[in-house]
Asker: 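Got a structure for you, written out below as structure tokens; questions coming shortly.
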Amino acid sequence: MNAAPDSRTPRRRARDWLWLLGLVVAAATAYVGLQRTQTWQKLEAQGLDQRFQIRGPRAAPDELLIVAIDDRSIVELGGWPLRRDLLKSVIDRLGTAGVAAIGIDLLLLERPGSEGKAQDRRVAESLSRFGNAVLAAALPSADVNLDGETHVLHSGGELLRPDPVLIDAAAGLGHVNVLLDGDGRLRRLLPAIEHDGVLLPTLPQAMYRLLRPDAPPPVAAGRRPPWLDFYGPEGSIATISVTDLLQDRVEADRLRGRAVLIGATATGLGDAFATPYSPRLAGVEYFATALGNLLDGQLFQRDETVIALDAAIVALSTLLAALAAQMLAPMLAASLTLAAVASYLVAGQYAFVIHGLWLSAIGPPLAMAVTLTGSFAVRLLAERRQRRLSDGRVHNLRRYVAPALADALADNATPAFTDRVQTATVLFIDIAGFTGISEAIGPAGSATLLRGFHETVETAVNQHGGVLTSFLGDGAMAVFGLPAPRPDDAVQALATARLLARTFTAWAPLRIGIGLHAGPVAITQLGGREQVQLTATGDTVNLASRLENLTRRHRALLALSDAVFQAVRESGREELLADLQALGDAEIRGRRALAQVWLLPATGSSRSAA
């Protein structure tokens, strides 16, 4: 399979574009539909884990502090659960030290008996005195159901919550339910639960409201559960042991102004979850991570807007892969597609790390791979059929490469051009001093420069209906008047020259020279029996080439003959003649007769009109 000139009829091209449009729409639609499948959600979540691993840990906010009921505390403080009198002492010491808020990730369920109620009242006194503490509540896991539309936990079961005396003394109540993904990992924050028609925010959100009372809620109930930006493995957030706090081994400065979460980290106690960084993260550190994300605005949202952006990228990826497969050689198309996939993954990681934007790591690469493979198969079948049905036409097209001639050649089973004389406008363009430039920038730089130069010339010539008959190293020759002469050939040639002059003026210090002449030329096929080149010959061609050389002597961008000047004036396109200066009758090397020449100085305007 090799890239070939487009020999399709207009109807066939329109049909192919419709098929391509259908493919793009189908890819985007399929991507959106896959978002609801567990398999796809699992793949995307694993892609998120990889992005965390590539990024590595990051610093947690200094504002956060965990007071951990760790293994040492269980041994030294008399076992589990933490006694109410010790919890009261913890609250008092934190309040005295001037912490900003306290979140207690412990289910302080109502205790039976008079002694239990008396202990709760003493804890309530400390909570009331401090005034900025949030307690935990939870729905029984057996009764939990995630509503796919509102993304809120509903339950008809009993809400596990503290004694009313503790609730009344606290500044708020927050739920500690979590939402695990299909693979059992914890990656998201559940904004709210609903019980008896009342929405209860998550513990970190309730603390955020205390810390930022004037700020709008960062995550509204009913939105898709946001994905957490984990700081790293277990221990990434500053932590002190409750034993050290109670035994006055923690300096007050380390506590002052902190948002403190109290919870269990001891082995076998409390809840622990697998995260992108750790196989075991204590629940209290998970909630501290969520609070840190709320405070620094680093929650990842994969809402409808992000999914729509992903779908658009999938559509664009499909389009580019299909075009590459159809228009380029297979190895080049595959290489460019692989480079595009790599570039996208790098850009996605950059967006993730720098802007907190989580783009799909699976959708666009998969779309490009599937599209490229499928397009190669379709292209192979189509090319085989085309070779069987159109050997004569393909043979003819291989003899001519100019885009402007493709349609004319496609309608002829035999070569459409024989020696003939016609009127045409010839354009020569060349880079001045290329030998010195090449010496300065080296072979690789020269190749890059010439590639850009040739592409720019080709685009301008094709845009104005000309035919590039040859690239002459650091120059090119174009003919305006193929496959048949047109009344505006001189106009289009001058418009092309003006456009090129303006374009390459911006490439300073690169300097170019352009020569234009109109007159009779012989359209000739040069070459062997099988492979030929279409070109123009005659005095018109020679004079156009000499005019290009004349630009160096007069430091001009453009030199055109009076024949071109008068043809453009007669067409009414006076704006194309602006800033041209008459050189008068000039001697042209190799010619006896003088030629009247017009110049566009290098310091003059290079405006152009299409």
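Quick note: residue numbers are just sequence positions, from 1.
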Asker: Do Arg93 and Leu246 have side chains that get closer than 4.5 Å, going by heavy atoms?
Answerer: yes

Asker: Let me check something: any side-chain donor-acceptor pairs from residues 345-357 under 3.5 Å, sequence neighbours excluded? List them with distances.
Answerer:
unit_1, atom_1, unit_2, atom_2, d
Gln349, NE2, Arg51, O, 3.1

Asker: Between CD of Glu304 and CG of Leu309, what distance do you get to the nearest 0.5 Å?
Answerer: 13.5 Å

Asker: Run the side-chain hydrogen bond (donor to acceptor under 3.5 Å, both in side chains) test against Asp71 and tell me which residues pass, sequence neighbours left out.
Answerer: Thr267

Asker: With a 4.5 Å heavy-atom cut-off, do Thr265 and Thr239 have their side chains touching?
Answerer: no

Asker: Answer whether the closest heavy-atom distance between the side chains of Val134 and Leu173 falls below 4.5 Å.
Answerer: no

Asker: Can you find a pair of side-chain heavy atoms, one from Arg84 and one from Asp120, that are under 4.5 Å apart?
Answerer: yes

Asker: Give a yes or no on whether a salt bridge exists between Arg256 and Asp253, defined as a side-chain N under 4.0 angstrom from a carboxylate O.
Answerer: yes

Asker: Test your reading of the model: is there a side-chain donor-acceptor pair from Ser128 to the backbone of Ala124, 3.5 Å cut-off?
Answerer: no

Asker: Measuring only between side-chain heavy atoms, which start at C-beta, is Ser317 closer than 4.5 Å to Tyr344?
Answerer: no

Asker: Name all residues meeting the side chain to side chain contact (heavy atoms under 4.5 Å, CB included) criterion together with Ala238; count only those two or more places apart in sequence or in a different chain, and write none if there are none.
Answerer: Leu65, Arg258

Asker: Kindly indicate, with the supporting measurements, whether the criterion side chain to side chain contact (heavy atoms under 4.5 Å, CB included) is fulfilled by Leu323 and Leu20.
Answerer: CA-CA 9 Å; Leu323 290 175; Leu20 184 58; 3.8 Å; yes

Asker: Hydrogens and angles aside, do Asp105 and Tyr286 bring a side-chain donor and acceptor to less than 3.5 Å of each other?
Answerer: no

Asker: By the salt bridge (Lys or Arg N to Asp or Glu O under 4.0 Å) test, which pairs, at least two apart or in different chains, include something from residues 126-135?
Answerer: Asp92-Arg129

Asker: Evaluate the side-chain proximity of Leu135 to Leu127: yes if any heavy-atom separation is below 4.5 Å, no if none is.
Answerer: yes

Asker: Using a 3.5 Å distance criterion without hydrogens, assess whether the side chain of Thr202 forms a donor-acceptor pair with backbone atoms of Gln205.
Answerer: no

Asker: Donor-acceptor check, side chain of Thr37 to backbone of Leu34, threshold 3.5 angstrom: yes or no?
Answerer: yes

Asker: Do Leu261 and Val67 have side-chain heavy atoms sitting under 4.5 Å apart?
Answerer: no

Asker: Which residues pass the side-chain hydrogen bond (donor to acceptor under 3.5 Å, both in side chains) test with Trp40, not counting sequence neighbours?
Answerer: Glu44

Asker: Quick one: does Asn177's side chain have a donor or acceptor within less than 3.5 Å of a partner on Leu139's backbone?
Answerer: yes

Asker: Compare every heavy atom of Val90 with every heavy atom of Val242, then report the nearest pair and how far apart it is.
Answerer: CG2-CG2, 3.4 Å

Asker: Tell me if a side-chain donor or acceptor on Thr371 pairs with a main-chain N or O of Met368 at a distance below 3.5 Å.
Answerer: no

Asker: Just wondering, are more than 12 heavy atoms of other shown residues or ligands nearer than 6.0 Å to CD in Gln38?
Answerer: no

Asker: Is Ser278 reaching over with its side chain to a backbone N or O of Ala274, donor-acceptor style, under 3.5 angstrom?
Answerer: no

Asker: Taking it one step at a time, do Thr318 and Leu23 satisfy side chain to side chain contact (heavy atoms under 4.5 Å, CB included)?
Answerer: CA-CA 8 Å; Thr318 302; Leu23 177 64; 3.7 Å; yes

Asker: With sequence neighbours excluded, tell me which residues meet side chain to side chain contact (heavy atoms under 4.5 Å, CB included) with Arg72.
Answerer: Asp70, Glu76, Ser241, Thr243, Asp244, Arg249

Asker: Shortest non-hydrogen contact from Pro276 to Asp49?
Answerer: CG-OD1, 3.1 Å

Asker: Which distance, rounded to the nearest 0.5 Å, do you find between the CG of Leu499 and the OG1 of Thr456?
Answerer: 9.5 Å

Asker: Would Thr289 and Leu189 count as a side chain to side chain contact (heavy atoms under 4.5 Å, CB included) here? Give the steps.
Answerer: CA-CA 10 Å; Thr289 298; Leu189 175 68; over 6 Å; no

Asker: Is it the case that the side chain of Gln326 and the backbone of Ser375 share a donor-acceptor pair, with hydrogens and angles ignored and the cut-off at 3.5 Å?
Answerer: yes

Asker: Can you measure from CZ (Phe52) to OG1 (Thr275) and round to the nearest 0.5 angstrom?
Answerer: 9.0 Å

Asker: Can you run down the side-chain hydrogen bond (donor to acceptor under 3.5 Å, both in side chains) pairs that involve residues 330-341, sequence neighbours left out, and say none if there aren't any?
Answerer: none

Asker: Please name all residues satisfying side-chain hydrogen bond (donor to acceptor under 3.5 Å, both in side chains) with Tyr31, sequence neighbours left out, ordered by chain then number.
Answerer: Gln35, Arg302, Asp310

Asker: Mind checking what makes side chain to side chain contact (heavy atoms under 4.5 Å, CB included) contact with Ala101, not counting sequence neighbours?
Answerer: Asn132, Met207, Leu211

Asker: Excluding sequence neighbours, so at least two apart, what forms side-chain hydrogen bond (donor to acceptor under 3.5 Å, both in side chains) with Arg121?
Answerer: none

Asker: Holding to ring-ring contact (aromatic ring centres under 6.0 Å, His included), I want the full list of residues that pass it with Phe504, two or more places apart in sequence or in another chain.
Answerer: Phe453, Trp507

Asker: List the atom of His175, the atom of Leu190, and the distance in Å for their closest heavy-atom pair.
Answerer: NE2-O, 3.1 Å

Asker: Between Leu255 and Thr96, is the side chain to side chain contact (heavy atoms under 4.5 Å, CB included) condition met? List the steps.
Answerer: CA-CA 10 Å; Leu255 302 174; Thr96 301; over 6 Å; no

Asker: Distance check, rounded to the nearest 0.5 Å: Arg36 atom CZ versus Thr39 atom OG1?
Answerer: 15.5 Å

Asker: So, Lys42 and Asp183, do they make that salt bridge, N to O below 4.0 Å?
Answerer: no

Asker: Could you report the tightest heavy-atom contact between Leu372 and Ala325, atom names first, then the distance?
Answerer: CD1-CB, 3.7 Å

Asker: What is the distance from atom CG of Leu87 to atom CG of Leu108, rounded to the nearest 0.5 Å?
Answerer: 6.0 Å

Asker: What distance do Leu291 atom CG and Leu228 atom CG have between them, rounded to the nearest 0.5 Å?
Answerer: 11.0 Å

Asker: For Arg212, check side chain to side chain contact (heavy atoms under 4.5 Å, CB included) against everything at least two apart and list the hits.
Answerer: Glu63, Tyr208, Ala215, Leu295

Asker: Answer whether the closest heavy-atom distance between the side chains of Glu285 and Ile66 falls below 4.5 Å.
Answerer: yes

Asker: Taking all non-hydrogen atoms of both residues, which atom of Ala59 and which atom of Tyr231 are closest, and how far apart?
Answerer: O-CD2, 3.7 Å

Asker: List the atom of Pro191, the atom of Pro225, and the distance in Å for their closest heavy-atom pair.
Answerer: CD-CA, 4.2 Å

Asker: Salt bridge check: are Arg58 and Asp296 linked by an N-O gap of less than 4.0 Å?
Answerer: yes

Asker: Would Arg188 pass as a cation-pi partner of Trp227, given that its NZ or CZ must be under 6.0 Å from the six-membered ring centre and within 45 degrees of the axis?
Answerer: yes

